[in-house]
Student: 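What follows is a single structure, and I will ask about it in a moment.
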Amino acid sequence: MPVTAGLVTLAVGIIDVASVLLPDVGSRVHVLRGVVPGVIPGTAAAAVLLVGLLLVMLSHALRRRKRRAWRAVVVLLAASVVLHVLKALGAGLLFLGHAALPSLLLVLLVVFRREFYAVGDPTTRWRALRVFVLLALADVALGLLWLYAGRIPVAGGMSFGDAVWHVLSGLVGIEGPVRFASDRAGDVSYALLVGLGGFTAVVSAYLLLRPARPLPRLSGSDEERLRELVVRHGSNDSLGYFALRGDKSVVWSPSGKAGVTYRVVSGVMLASGDPLGDPEAWPGAMTAFVEQADRHAWVPAVLACGEYAGEVWVRETGLTALELGDEAVVPIGEFTLDGRAMRGVRQAVGRLERKGYQADVVRSRDLDEAQRSRLHAEAARWRRSQTERGFSMALGRFAAGEDPDCVIVTAREDGELRGFLQLAPWGRDGLSLDVMRRDTGNADNGINELLIVRLLREAPALGVRRVSLNFAVFRSALARGERLGAGPVVRGLRSILLFLSRWFQIESLYRFNAKFRPEWEPRFLLYPTGRDLPRVVLAGLQAEAFVVWPRPVLRWWRPRSVVDTST
């Protein structure tokens, strides 16, 4: 029912808009002069046009079972029926057919009202109200400024009360008490006020129905419990430690032995990696995750989960799995720079060492405050933009006191810092790459190879037996496409990925990771249906900050309680 209601609401909105834009609309609206006091030609058309636009905007939220959208659509459909009936008066009963579809949908929405149960976020309601009030005040001010400062010829006198009432009436498409000396002045004034009122209504409706971005609800007790799970079960997933990001929330299993961390991005409830905790408790956490998404009309999705966790997700929740790429894992016991396959890495490291580069490996807890400050300053200076990328495989902070077990690898040339790595703990005997940054203006090529090789050499002393490097998106497609005898479909997919590599690090990450002869561990994207896949992909790109929308210029448009998902 919600899907059908959304589609029909969309159709009704389009019909409303089209009915206003038809060539014969003027003759049909003209009859309202004698029906509605004060109505001038075009007033009803403006109201119908506004109702149609709002219905189009509401149709998507209605499909998502939003209770707030259901209430708004019921009111707008009732208004649409009344307006169409008024348009039919004096023009024949034939035009009552325009009200048939809105009337039918109104009845169906009332009958099936229990199907629309998804709750909204309270912050969006107050945000829309605040914007509506501010825009309404601005509309009144602009309308009065137009009447008084625009030197509009007015027939007769105009008191301040008449001017205010005329502006308020014009904002909703009704003629006010002020009379103008010319028809042109009246038409321009009417168009200005109706345009301001329509803009205010559309913007307020958009903010009211826009998917919420709730605050992270990771309380102090939640974070403490997550850290306990990371210590006890962190070896299950190399991305487990990244669940401790500061911009995630958590939903727990009924037993409290497992949890799923997530962030809401553009109406998508996006989890990353495997659930934390005891695998036997994963099904309970997964079910709670999907139920919470359904309660808020969010689309549940999981980014970069492992193969075993993906199987459990599909079995317990019915989500669909898509292979997203491969994670490069280097077993320390098998790593060596000997052999022809490692010749490029060996030569790059040797060249920099001969040039005077030195690399050091240290735990974050062993850094003093001066060293931390220096690393923070260089990290900020070397960033290519103000946007910090990463969500599923990034911690979001560097050399922080709350992460004492993180490993920092630095490279210096004659005492000057040229690059560094930060790696997060992966259980008791593993590390997972978090940050890789270098001085692009002064560092020599091969510095990243030097940092990684230095880390792999020192890993046994740190008690580390495995290191997870970068994630290679669609690695298997690239590898299969370059093999001898690859079919046209595989070669075509590889060509598309190579084309996209101009903007995204797809092939370059794959080539870089392959230098170290890693073991490839597949990672998957989970989503409900094929219809939701484009939206989930866009939300994933936003979360990872590969897609960053322009920030609003007016700061008051964004409430303080909303998380900036681009950080």
Side-chain angles (χ1 to χ4, degrees), residues 64 118 211 213 226 229 233 236-243 245 247-253 258-327 329 390-394 432 468 471-477 493 504 506 520-547 565:
R64 297 172 54 223
R213 292 185 295 169
L226 286 176
L229 293 181
H233 304 279
N236 294 335
D237 184 19
S238 63
L239 308 185
Y241 197 84
F242 300 129
R245 285 178 62 101
D247 56 357
K248 290 185 177 182
S249 302
V250 61
V251 56
W252 295 99
S253 66
V260 177
T261 58
Y262 67 93
R263 185 204 294 176
V264 178
V265 182
S266 297
V268 176
M269 188 175 179
L270 191 63
S272 61
D274 298 350
L276 278 178
D278 188 349
E280 293 185 359
W282 284 2
M286 293 173 177
T287 302
F289 176 84
V290 173
E291 289 177 350
Q292 181 165 325
D294 184 62
R295 185 164 57 252
H296 291 271
W298 295 329
V299 177
V302 184
L303 185 64
C305 76
E307 187 170 9
Y308 175 71
E311 293 176 352
V312 180
W313 274 107
V314 171
R315 183 180 67 247
E316 297 294 333
T317 65
L319 295 178
T320 302
L322 173 67
E323 186 173 349
L324 188 60
D326 294 273
E327 177 187 9
V329 179
F391 169 69
S392 58
M393 302 180 183
S432 184
S468 171
F471 175 72
V473 180
F474 300 124
R475 195 274 318 174
S476 59
L493 178 57
F504 303 101
I506 298 178
W520 297 104
E521 300 291 339
R523 291 279 174 174
F524 297 86
L525 174 68
L526 303 178
Y527 57 95
T529 63
R531 183 180 67 249
D532 299 312
L533 182 58
R535 186 177 180 185
V536 170
V537 170
L538 181 59
L541 292 175
Q542 289 180 254
E544 298 287 354
F546 288 107
V547 173
T565 59

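Just the heavy atoms: all of them, side chains too, but no hydrogens, waters or symmetry mates, feed the values below.
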Student: Evaluate the criterion side chain to side chain contact (heavy atoms under 4.5 Å, CB included) for residue pair Gln292 and Met269; output intermediate values, then yes/no.
Tutor: CA-CA 9 Å; Gln292 181 165 325; Met269 188 175 179; 3.9 Å; yes

Student: Under a 3.5 Å distance rule, please check whether Ser253 uses its side chain to pair with a backbone N or O of Ala258 as donor and acceptor.
Tutor: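 Side chain of Ser253 to backbone of Ala258, a donor-acceptor pair under 3.5 Å: yes, one is there.
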
Student: Counting C-beta onward and ignoring hydrogens, is there a side-chain heavy-atom pair between Trp298 and Arg64 closer than 4.5 Å?
Tutor: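 A side-chain contact exists here, since the closest heavy-atom pair is under 4.5 Å.
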
Student: Can you check whether Val537 reaches Leu525 side chain to side chain, under 4.5 Å on heavy atoms?
Tutor: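 The answer is yes, as the side chains (C-beta and beyond) meet within the 4.5 Å cut-off.
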
Student: Do any N or O atoms from the side chain of Asp237 and from the backbone of Asp274 form a donor-acceptor pair under 3.5 angstrom?
Tutor: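 Side chain of Asp237 to backbone of Asp274, a donor-acceptor pair under 3.5 Å: yes, one is there.
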
Student: If you compare all heavy atoms of Val536 against all heavy atoms of Ala301, which two are closest, and at what distance to 0.1 Å?
Tutor: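 Closest approach of Val536 to Ala301: CG1-CB, 3.5 Å.
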
Student: Is a side-chain donor or acceptor of Arg245 paired with a backbone partner of Thr261 at a separation under 3.5 angstrom?
Tutor: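 Checked: no pair found.
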
Student: Where is the tightest heavy-atom contact between Arg523 and Ala304, given as atom of each residue plus distance?
Tutor: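 Residues Arg523 and Ala304, closest heavy atoms: NH1-O, 3.0 Å.
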
Student: Quick check: do Val268 and Gln542 have side-chain heavy atoms less than 4.5 Å from each other?
Tutor: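 Heavy-atom side-chain distance check fails, nothing below 4.5 Å.
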
Student: Hey, does His233 have a side-chain heavy atom less than 4.5 Å from the side chain of Asp278?
Tutor: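 Asp278 reaches His233 side chain to side chain.
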
Student: Taking Glu327 for the side chain and Phe471 for the main chain, is one N or O donor matched with an acceptor at less than 3.5 Å?
Tutor: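 Not at all, since once roles are kept as given, no pair shorter than 3.5 Å links the two residues.
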
Student: Please tell me if the side chains of Thr317 and Pro300 come closer than 4.5 Å, counting only heavy atoms from C-beta onward.
Tutor: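 The answer is no; the side chains never approach within 4.5 Å.
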
Student: Are Phe474 and Leu493 close enough that some pair of their side-chain heavy atoms sits under 4.5 Å apart?
Tutor: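 In short, these two side chains do not touch, never coming nearer than 4.5 Å.
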
Student: Which heavy atom in Glu544 sits nearest to a heavy atom in Ser392, and how many Å separate them?
Tutor: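 Closest heavy-atom pair between Glu544 and Ser392: OE2-OG, 2.7 Å.
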
Student: Hey, are the side chains of Pro275 and Phe289 touching, using non-hydrogen atoms and a 4.5 Å cut-off?
Tutor: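 They are not in contact (no side-chain heavy atoms under 4.5 Å apart), so the answer is no.
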
Student: Looking at Tyr308 and Pro279, what are the two nearest heavy atoms and their distance?
Tutor: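 Nearest heavy atoms, Tyr308 then Pro279: CE2-CB, 4.4 Å.
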
Student: Can you see which heavy atom on Phe391 is nearest to which on Ser272, and at what distance?
Tutor: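 Closest pair (atom of Phe391, atom of Ser272, distance): CE2-CB, 3.8 Å.
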
Student: Between Glu316 and Thr287 (side chain of the first, backbone of the second, donor and acceptor by atom type, cut-off under 3.5 Å), is there such a pair?
Tutor: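 Checked: no pair found.
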
Student: For residues Leu526 and Cys305, determine if any side-chain heavy atom of one lies less than 4.5 Å from a side-chain heavy atom of the other.
Tutor: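 In short, these two side chains touch, coming nearer than 4.5 Å.
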
Student: Near Glu311 CD, under 6.0 Å, is it more than 12 heavy atoms from other residues, nucleotides or ligands?
Tutor: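 Count over threshold, so yes.
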
Student: Working to the nearest 0.5 angstrom, can you tell me the gap between Arg535 CZ and Tyr527 OH?
Tutor: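 Between atom CZ of Arg535 and atom OH of Tyr527 there are 16.0 Å.
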
Student: Output the distance between atom CG (Leu276) and atom CH2 (Trp282), rounded to the nearest 0.5 Å.
Tutor: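 Rounded to the nearest 0.5 Å, the CG-CH2 separation comes out at 9.0 Å.
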
Student: Which heavy atom of Ala472 sits nearest a heavy atom of Trp520, and at what distance?
Tutor: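 Ala472 and Trp520 have their closest heavy atoms at CB-CZ3, 4.1 Å.
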
